[in-house]
Every structure is written in structure tokens, then in C-alpha cells.
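What you see is a predicted model; the values in this text were computed from it and never measured. We use all heavy atoms of the structure for the numbers below, so side chains are in, but hydrogens, waters and symmetry mates are not.
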Amino acid sequence: MLSHICLTWVLLVLLTGSTVSEIIVIGEVGQDITVPCHYSVRNRNSITSMCWGRGSCPSSKCSQPIIWTDGWRVTEQHSSRYQLKGDLHRGDVSLTIVDAREADSGTYCCRVEIPGWFNDQRTNHQVVVRKARISTASPHTYTSEQTSGSGSTRESSFTVTSTWPSVSASEAPQTASTPCSGPSDCLDVAANLQNTSVSLPREQHPEQGLYIGIGSCAALLLILILALLLT
């Protein structure tokens with residue numbers, strides 16, 4: 001009876017193996033993703049070897065191993081993108097995936113080899129690598145109203161893509177503030193604009209009148225001098 005119980009226990013352990021836990025890790029493309037894994041280190045003798053592999057943890061070792069350590073240093077490395085940056089001597093055997101890609105998504109196995117029968121610590125990690133989120137500012141959209149001949153109003157939107165230079169008040173063209181209410185008002189406005197355009201050249205050369213006055217004074221002075229000499 002005792003032998004039957006022992007045989008049943010051995011078969012149960014062989015079929016089930018050690019307990020396997022599962023963790024989900026989510027990251028973004030282009031970032032470094034750390035997949036956690038630790039084991040207890042009580043003294044130097046408890047430092048042990050471990051491996052990381054792709055796929056679920058098998059009954060022994062790691063399927064598709066990507067990195068190995070003897071507990072002190074990395075002994076085997078499939079790619080430089082897979083690194084162990086934790087303190088190995090304290091049981092930190094977390095896997096760092098450098099510059100993660102979408103193809104890195106999947107199941108990873110962390111297997112710590114604990115001495116003894118069926119004592120290995122196994123952890124399956126589901127790694128999900130998503131595309132990086134890109135935030136873009138939406139352009140400003142302005143709406144204008146246009147009135148057709150029939151009196152109906154429709155809206156049209158356009159996006160401003162260029163920046164106009166600022167114009168000072170002195171450089172801005174002078175326009176009428178209100179529309180003409182009748183033909184007489186329009187004639188008055190046109191006359192004012194014409195007078196302004198005609199008077200502008202005179203105001204631009206005020207020094208011509210000064211030169212003419214100086215020349216006249218000089219001529220009169222010369223005539224007086226000649227008259228005194230003759231007398």
C-alpha cells in the first residue's frame with residue numbers, strides 16, 4: 001500500500017512538474033522593456049544558474065534559449081538586445097529587451113535551476129509590444145460665410161498654412177470706413193481721394209519753396225549793391 005502511494009506521488013510530480021506562474025508585461029516599440037524575474041538568495045551557496053527562453057517553460061531547461069547565466073555572469077547570449085542588467089548576486093535575473101520591436105511580442109520563460117528534484121522556479125511572461133503613440137496637434141480651421149445672389153448663405157472651411165507679415169498703421173492703405181449710401185457720397189469720397197493724391201507730391205518737397213525764397217533775396221541784395229556802386 002505504501003509503495004502504491006509513493007508511486008502515485010512520483011507520477012503526479014512528473015506529470016505536473018513545478019508550479020508555473022504567468023505575468024503580463026506591456027511596452028512600446030523603440031523602448032527598453034524589462035521583464036521581471038527574481039529568486040531568493042540567502043547566501044553565496046544559494047546563487048544558481050538560470051535561463052531565459054522563447055515560448056512556455058518546458059519540463060526542463062529552456063526551449064529556444066536566448067540568454068544563460070551561471071548566477072555570477074552571463075555565459076550565453078543569443079543577441080546583444082537581450083541583457084541581464086539586474087544584480088545577479090542578489091537574485092535579480094530580470095530580462096531587458098533593448099529597442100523593443102513588435103516581433104518581440106510573445107511568451108518568455110524564466111527558469112531558475114534550484115538544486116533538488118523538480119524544484120526549478122518557472123515563470124511564463126506574456127510580452128506585448130505596441131506601436132508608439134504619436135501625438136499631433138490639429139491645425140486651426142477657420143469658417144467664413146459667403147452670400148450668393150439669391151440670398152442663401154453657405155459655410156466653407158479652410159486651413160491657414162502660411163503666416164502673413166504684420167503691417168503697421170502708417171503702411172496700411174486708407175479705405176472708407178463705411179460703404180457709399182448714394183451717388184453723391186461716392187463722388188465726395190472720390191474727390192477727397194483725388195485731392196489727397198494731388199497734394200501729396202507738394203508735401204513731399206517743401207524745400208523747393210525755401211530755395212526759391214533764398215534765390216530772390218540774393219538777387220535783390222546784388223541789385224542794391226550795384227546801385228550803390230553806380231551812385
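- Between Glu22 and Gln126, some side-chain heavy-atom pair lies under the 4.5 Å cut-off.
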Check against side chain to side chain contact (heavy atoms under 4.5 Å, CB included), Lys131 and Glu102: CA-CA 7 Å; Lys131 291 184 179 179; Glu102 287 188 86; 3.2 Å; yes
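- Scored by the side chain to side chain donor-acceptor pair (under 3.5 Å) test, Arg54 finds Tyr108 as partners (sequence neighbours excluded).
- A distance of 12.5 Å separates CZ in Arg122 from CD1 in Ile114, rounded to the nearest 0.5 Å.
- The side-chain contact (heavy atoms from CB on, under 4.5 Å) check on Thr34 picks up Ser94, Thr96, with sequence neighbours excluded.
- Under the 2.5 Å SG-SG cutoff, Cys51 and Cys62 qualify as a close cysteine pair.
- With rounding to the nearest 0.5 angstrom, the CG atom of Leu88 is 11.5 Å from the OG atom of Ser49.
- The ring-ring contact (aromatic ring centres under 6.0 Å, His included) pairs that include a residue from residues 31-53 are Trp52-His125, where partners are two or more places apart or lie in different chains.
- The closest side-chain heavy-atom distance from Ile66 to Leu95 is below 4.5 Å.
- Under the side-chain contact (heavy atoms from CB on, under 4.5 Å) criterion, Thr75 pairs with Trp68, Asp70, Arg73, not counting sequence neighbours.
- Taking Ile, Leu, Val, Met, Phe, Trp and Tyr as hydrophobic and joining them when side-chain heavy atoms fall under 4.5 Å apart, one finds Leu220 isolated, its cluster having no other members.
- Qualifying side chain to side chain donor-acceptor pair (under 3.5 Å) partners for Lys61, counting only residues two or more places apart in sequence or in other chains: Glu113.
- Proximity of a side-chain donor or acceptor of Gln77 to a complementary backbone N or O of Val74 within less than 3.5 Å is not detected.
- Contact check for Asp104 versus Val127: no side-chain heavy atoms found under the 4.5 Å cut-off.
- Here Ile67 contributes atom CD1 and Glu76 contributes atom CD; the two are 9.5 Å apart, rounded to the nearest 0.5 Å.
- Applying the side-chain contact (heavy atoms from CB on, under 4.5 Å) criterion to Asn43, with sequence neighbours excluded, gives Asn45, Ser46.
- The closest side-chain heavy-atom distance from Cys110 to Met50 is below 4.5 Å.
- The backbone N or O of Cys109 lies less than 3.5 Å from no partner atom in the side chain of Asn124, so there is not a single donor-acceptor pair.
- Annotation for Val128: hydrophobic cluster partners, listed by chain and number, are Ile24, Ile26 (ILVMFWY side-chain heavy atoms under 4.5 Å, direct or chained).
- Side-chain contact between Thr69 and Leu84: present, with at least one pair of heavy atoms (C-beta onward) separated by less than 4.5 Å.
- Follow the hydrophobic side-chain contacts under 4.5 Å out from Val25 and you never reach Val98; the two are in separate clusters.
- Sorted by first and then second residue, the pairs that involve residues 88-98 and meet salt bridge (Lys or Arg N to Asp or Glu O under 4.0 Å), not counting sequence neighbours, are Asp87-Arg90.
- Taking the salt bridge (charged side-chain N to carboxylate O under 4.0 Å, His left out) definition, one finds that Arg130 meets it with nothing, sequence neighbours left out.
- Ser79 pairs by the side-chain contact (heavy atoms from CB on, under 4.5 Å) definition with Arg81, Tyr82, not counting sequence neighbours.
- Listed by chain and number, the residues in a ring-ring contact (aromatic ring centres under 6.0 Å, His included) with His89 are Trp72 (sequence neighbours excluded).
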